[in-house]
There are 2 protein chains.
Amino acid sequence: MRTVPDAIPAFKRQSLDKDILIETPAYDLIELFFFAYRDFVSDPDRILDEYGFGRAHHRVLHFVSRQPGLTIAELLDILRITKQSLNRVLKELIEKDFIESRMGTADRRQRLLHATPQGRDLALKLAKLQTRRIMRALADAEPEAKEAISRYLLCLIDSDDRTHVQQLVFGPDKT
Amino acid sequence: MRTVPDAIPAFKRQSLDKDILIETPAYDLIELFFFAYRDFVSDPDRILDEYGFGRAHHRVLHFVSRQPGLTIAELLDILRITKQSLNRVLKELIEKDFIESRMGTADRRQRLLHATPQGRDLALKLAKLQTRRIMRALADAEPEAKEAISRYLLCLIDSDDRTHVQQLVFGPDKT
DNA sequence: GAGATATGTCAACAAGGCTGACATAAAATT
DNA sequence: AATTTTATGTCAGCCTTGTTGACATATCTC
């Protein structure tokens with residue numbers, strides 16, 4: 001939220017440039033983002049294949065493993081897919097004993113999702129694989145780059161969702 | 001595959017710490033990347049819908065518009081899909097007059113792809129939309145953040161592809 | 001002229017999205 | 001207590017976008 005003094009002409013010119021900048025497509029970042037994400041998600045694919053799972057299974061398993069007791073509704077909100085789409089992959093993960101679904105205690109309509117030991121193992125294995133790529137890339141950067149990148153990625157997220165994601169990622173405590 | 005000297009205790013401890021760093025999943029970056037990409041690609045969807053196009057059409061149109069005269073083979077290499085998948089969407093883009101395919105001059109087997117004026121307009125409209133999000137996020141960051149983020153995204157890409165992507169994104173001149 | 005290369009095309013299939021309709025159990029409201 | 005709302009499950013069918021395998025054609029290279 002840094003603000004910039006307005007009065008100084010040199011700065012005014014900068015804000016004119018800024019409008020041009022907004023209208024000039026940032027092809028570099030658009031394309032780098034595309035290629036980086038392409039390779040980032042490709043790592044787990046080979047392993048998932050061995051289990052007969054796809055990327056959809058990965059996403060479900062990841063978030064359940066990260067947040068034991070997650071409900072269906074919360075998961076739908078995270079993934080932004082329909083319950084029918086979710087149910088297809090979730091059913092398979094439960095059948096193959098990677099996730100289990102317990103009845104809610106406070107609200108017995110809810111299903112509280114938990115990864116089984118087998119599920120946690122796989123989730124961890126995949127997370128480590130992606131972490132390796134992330135840390136390798138980070139190794140070539142300044143020490144403060146990680147913070148900058150986290151903040152940047154967070155700002156890319158829809159502003160209505162940002163607080164929610166922040167709680168999800170960093171925990172509900174830290175503001 | 002790092003091997004570690006076994007004899008020296010001091011090294012053992014240090015490499016233990018390092019392994020823990022490598023082995024501790026970077027959940028924050030993994031998840032932020034997921035959410036950021038989710039929202040980043042969602043912007044164009046509404047507009048594409050109006051034209052009866054999907055994300056696959058967007059990717060093709062984007063790269064053709066950016067690199068007039070792109071060949072089928074180069075496009076396949078960028079997108080990493082099969083020629084059958086490409087052809088399905090490319091055919092529609094040509095039929096609806098967003099892309100045109102000219103016979104190669106040096107090699108008449110090749111098809112040199114060009115966006116039509118209509119195609120360029122749409123590609124630009126979508127790129128601007130994504131740029132808006134990118135620049136909004138960048139506005140909250142340090143001035144040197146953009147460079148750091150570009151470099152980071154580049155390092156996330158498979159190392160065999162990195163030079164190729166670099167040429168594609170920044171132009172073949174700049175090394 | 002023979003073989004390699006760039007592209008196109010047909011057919012079938014799989015993953016993972018979607019919509020719409022309907023069912024059930026439990027909670028919340030009146 | 002009866003009614004409505006909520007959380008979830010499920011059936012059926014459709015769309016987009018990826019895959020494989022086989023085969024066709026034109027053109028370039030040797």
Side-chain angles (χ1 to χ4, degrees), chain A residues 34 37-38 41-42 44-64 69-96 99-114, chain B residues 34 37-38 41-42 44-64 69-96 99-114:
Chain A
F34 165 74
Y37 195 77
R38 181 193 66 177
V41 297
S42 80
D45 282 357
R46 278 154 285 162
I47 292 171
L48 288 162
D49 237 33
E50 295 168 19
Y51 293 82
F53 292 145
R55 287 178 190 177
H57 300 87
H58 182 195
R59 290 192 284 269
V60 170
L61 181 60
H62 174 93
F63 286 107
V64 169
L70 202 63
T71 66
I72 302 286
E74 286 173 294
L75 197 45
L76 288 176
D77 194 46
I78 289 171
L79 300 175
R80 298 254 186 95
I81 56 175
T82 58
K83 61 176 173 178
Q84 294 91 329
S85 295
L86 172 57
N87 224 269
R88 185 162 38 205
V89 291
L90 183 55
K91 216 192 279 178
E92 288 171 10
L93 284 164
I94 291 172
E95 273 167 12
K96 291 190 182 171
I99 285 179
E100 61 179 18
S101 143
R102 305 177 193 157
M103 195 166 59
T105 46
D107 185 336
R108 311 203 317 169
R109 288 171 303 181
Q110 292 182 327
R111 302 300 136 118
L112 308 184
L113 303 171
H114 295 262
Chain B
F34 164 75
Y37 195 77
R38 181 194 68 177
V41 297
S42 80
D45 282 357
R46 276 155 284 162
I47 292 171
L48 287 162
D49 237 34
E50 296 167 18
Y51 293 82
F53 292 144
R55 286 176 190 179
H57 301 87
H58 183 196
R59 290 193 283 270
V60 171
L61 181 59
H62 174 93
F63 286 107
V64 169
L70 202 64
T71 66
I72 302 287
E74 286 173 294
L75 196 44
L76 287 174
D77 194 48
I78 289 171
L79 300 175
R80 298 252 188 95
I81 57 176
T82 57
K83 60 176 174 177
Q84 295 91 328
S85 295
L86 172 58
N87 223 266
R88 186 161 36 204
V89 291
L90 183 55
K91 215 192 281 179
E92 290 171 8
L93 284 164
I94 291 172
E95 274 167 11
K96 292 190 183 175
I99 287 180
E100 60 179 18
S101 144
R102 306 177 192 159
M103 194 166 58
T105 46
D107 186 337
R108 310 203 319 170
R109 288 171 304 181
Q110 293 183 328
R111 302 300 136 116
L112 308 184
L113 303 172
H114 294 262

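We name chains A, B, ... by the order of the sequence lines, and we start the count at 1 in each one. Atom set for the values below is all heavy atoms of this structure, side chains included, hydrogens, waters and symmetry mates excluded.
Each end of the helix from C/dG1-D/dC30 to C/dT30-D/dA1 gets its own axis from five base pairs, and the two axes differ in direction by 30°, given to 10 degrees.
The minimum heavy-atom distance linking A/S101 with A/I94 is given by the pair CB-CD1, 4.1 Å. The nearest pair of heavy atoms linking B/L112 to B/H114 is O-CD2, 3.4 Å. Taking both residues in full, the closest heavy atoms of B/R55 and B/S42 are given as NH2-CA, 4.3 Å, listed atom of the first, atom of the second, then distance. Scanning all heavy atoms of the two residues, the minimum distance from B/H58 to B/L48 falls at CB-CD1, 3.7 Å.
Between B/K91 and A/A106, the residue whose closest nucleotide on DNA chain C is further toward the 5' end is B/K91.
Taking 4.5 Å as the limit, every side-chain heavy atom of A/L113 sits out of range of all side-chain heavy atoms of A/F63. With a 4.5 Å cut-off on side-chain heavy atoms, B/F53 and B/K96 count as touching. Under the 4.5 Å side-chain criterion, counting only non-hydrogen atoms from C-beta, B/F34 is in contact with A/R59.
Within the 4.0 Å cut-off from OP1 or OP2 of C/dT9, at least one side-chain nitrogen or oxygen of B/N87 is found.
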**Asked** In the 5'-to-3' direction, what one-character label does each nucleotide of nucleotides 15-26 of chain D receive under the scheme B = base within less than 4.0 Å of a protein heavy atom, S = sugar-phosphate only, - = no such atom?
**Response** --BBBBBB---B
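Separating the CG atom of A/L61 from the P atom of C/dG16 is a distance of 13 Å, rounded to the nearest angstrom.
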Atom pairs and distances, side-chain donor-acceptor, residues 71-86 of chain B, under 3.5 Å, sequence neighbours left out:
from	atom 1	to	atom 2	distance (Å)
B/T71	OG1	B/E74	N	3.2
B/T71	OG1	B/E74	OE1	3.1
B/E74	OE1	B/T71	N	3.2
B/R80	NH2	B/D161	OD1	3.3
B/R80	NH2	B/D161	OD2	3.1
B/T82	OG1	B/S85	N	3.4
B/T82	OG1	B/S85	OG	3.1

